[in-house]
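In what follows, chains carry the letters A, B, and so on, assigned in the order in which the sequence lines appear, proteins first and then strands, with residues in each chain numbered from 1. Just the heavy atoms: all of them, side chains too, but no hydrogens, waters or symmetry mates, feed the values below.
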2 protein chains.
Amino acid sequence: MPRVSQERLDARRRQILEAAARCFARNGFHATSMQDVLKEAGLSAGAVYRYFAGKEELIAAVVNEVLEEIRSAFEEAARTSPPPPPNVLIGAVLRRVLRAKSEQGEEWASLYPRLMIQVWAETLRDPALAAVLRQGFETVRVLWVKIVEGYQDAGMMRADIPALSVARTMVALVQGFAAQYALFGDVPVQAVELGLEALMSMGGPGRAELSGPRDG
Amino acid sequence: MPRVSQERLDARRRQILEAAARCFARNGFHATSMQDVLKEAGLSAGAVYRYFAGKEELIAAVVNEVLEEIRSAFEEAARTSPPPPPNVLIGAVLRRVLRAKSEQGEEWASLYPRLMIQVWAETLRDPALAAVLRQGFETVRVLWVKIVEGYQDAGMMRADIPALSVARTMVALVQGFAAQYALFGDVPVQAVELGLEALMSMGGPGRAELSGPRDG
DNA sequence: CTCAAGAAAACGAACGATCCTTCTTTTTAG
DNA sequence: CTAAAAAGAAGGATCGTTCGTTTTCTTGAG
């Protein structure tokens, strides 16, 4: 049985996957050709097609890895006990995603944020992927809703606002900052942490006077 | 001079542009073929190529329209006097972008959010577009920094945090919510407004005790 | 008002290029 | 030495674009 060792197979597979991920992060799924991936991986077509049935499967593999990474970042941050305030929580998720370069030490810090945007774009044209993403966000939201309810029960936050809305807002903040990071790169995570902290310091504008910066 | 009337030419051009926008929002820039656009517009290749030199120019035109729309949404909201609190400001931007369907009454409410994501994806592979986007966000941030400084000067917000960080955070919130809207569709703008209002009610967690949900 | 003339606008088949994939051959590992 | 793994040229399909032809629309004369 002259087959090659299993770790060698796994290594080849990961080599291809990471090369594809770099290409996709650079040019998107549909603007990168198979030959781009082959060149980036330093392999031939025959080699790659032994590990992946086609381009779609390659895309799916990268997408799944990205989603798994992001989902786990949200969940790990949510597992922190006691639950940190929102700005710290959001900072933790972002740092986790940014730090998660390739499995090995890798160059590009914004690889996952970039891939995340590509995944979003792909989600718009693939209902099945949209369902997966929806499910993932649902899971995360459930976790974060509990944390928000914790804030409210402890009297740290107004309790007359649905926790779901707050959780969605916090997730949106993570998404938006990650997008900024992917697009412009030069944004420290501390900026959101501080920015949200400042917003949190504004105190509820009561229920009636939303528009007056001063009251008379 | 038997040329056709100018409005007819403009109408054709917009017909093509809107058809392309719908296709791009549905499938992304590089996964939609020219024939997809031709079919959506109900025109032939010869007709389309009389108005646009090629696919790249078509993409550029759609991209510019999207960026213009979003930029103006940010700027119009910033022009409100007196400056509303952050949650209202953000809500205004989002409602403006969501309401801006096609020039004419159109079907898809999430057309611009969808295109925005496609534009982000394209930005990752086009440095020139990245520069344009960076410039646009820079302009918006300047406007919003002034508003934030207004909050701080009025004593509504902690003044020891850079206004730039707060502005970036608010923009990130808009971006993130728009992304959620494009991806899942079923999110009312009110959710962010309320969510941020709740976050604003948390009161600054001081400088030392960030982790304790209760104090002893 | 009718109608023909001419130019612009639209058509759509066809071309070269590129894409993804396959398959035979060569190399490599056990 | 053998079978798996990798190579790389070739095939079929699709892409963006061009270009010769047809249709449409404006204009000016009758």
Item to check | Step-by-step salt bridge (Lys or Arg N to Asp or Glu O under 4.0 Å) determination, R134(A) to E138(A) | outcome: CA-CA 6 Å; R134(A) 189 184 297 270; E138(A) 177 65 25; over 6 Å; no
Checklist outcome for this item: Walking DNA chain D from its 5' end, the first of S44(A) and E56(B) to be reached, judged by nearest nucleotide, is S44(A)
Next on the checklist: By the 4.0 Å heavy-atom rule, please label F52(A) as base, sugar-phosphate, or nothing.
Outcome noted: nothing
With distance as the sole criterion, is a donor-acceptor pair present between the side chains of [X] and [Y] under 3.5 Å?
{"X": "R96(A)", "Y": "S72(A)", "result": "yes"}
{"X": "Q175(A)", "Y": "Q180(B)", "result": "yes"}
{"X": "Q6(A)", "Y": "D10(A)", "result": "yes"}

Distance check needed: [N] [atom2] versus [X] [atom1], whole Å only.
{"X": "E57(B)", "N": "dT17(D)", "atom1": "CD", "atom2": "P", "result": "10 Å"}
{"X": "F29(A)", "N": "dC19(C)", "atom1": "CZ", "atom2": "P", "result": "18 Å"}
{"X": "I16(B)", "N": "dT17(D)", "atom1": "CD1", "atom2": "P", "result": "14 Å"}

Checklist entry - Yes or no on salt bridge (Lys or Arg N to Asp or Glu O under 4.0 Å) for R13(B) and E7(B), after CA distance, side-chain angles and deciding distance? => result CA-CA 10 Å; R13(B) 193 186 153 88; E7(B) 9 173 274; over 6 Å; no
Checklist entry - Side chain of K55(A): nearest nucleotide among dA9(C), dA6(D), dT21(C)? => result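 Closest nucleotide to the K55(A) side chain: dT21(C).
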Checklist outcome for this item: Contact check, residues 5-13 of chain B vs DNA chain D, heavy-atom distance under 4.0 Å, returns none
Checklist entry - In residues 32-43 of chain B, which residues come under 4.0 Å of DNA chain D by heavy atom? => result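 Of all residues in residues 32-43 of chain B, the ones placing a heavy atom under 4.0 Å from DNA chain D are T32(B), S33(B), M34(B).
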Item to check | Heavy atoms of other groups near E56(A) CD, more than 12 under 6.0 Å | outcome: no
Item to check | Parallel, tilted or perpendicular: ring planes of F24(B) versus F29(B), cut at 30 and 60 degrees | outcome: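 F24(B) vs F29(B) ring planes: perpendicular.
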Item to check | Salt bridge K146(A)-E149(A), side-chain N to carboxylate O under 4.0 Å | outcome: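 No, no charged N to carboxylate O under 4.0 Å.
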Next on the checklist: Just N and O in the side chain of Y49(A): are any of them under 4.0 Å from OP1 or OP2 of dA7(D)?
Outcome noted: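 Checking dA7(D) against Y49(A), no side-chain N or O comes under 4.0 Å of OP1 or OP2.
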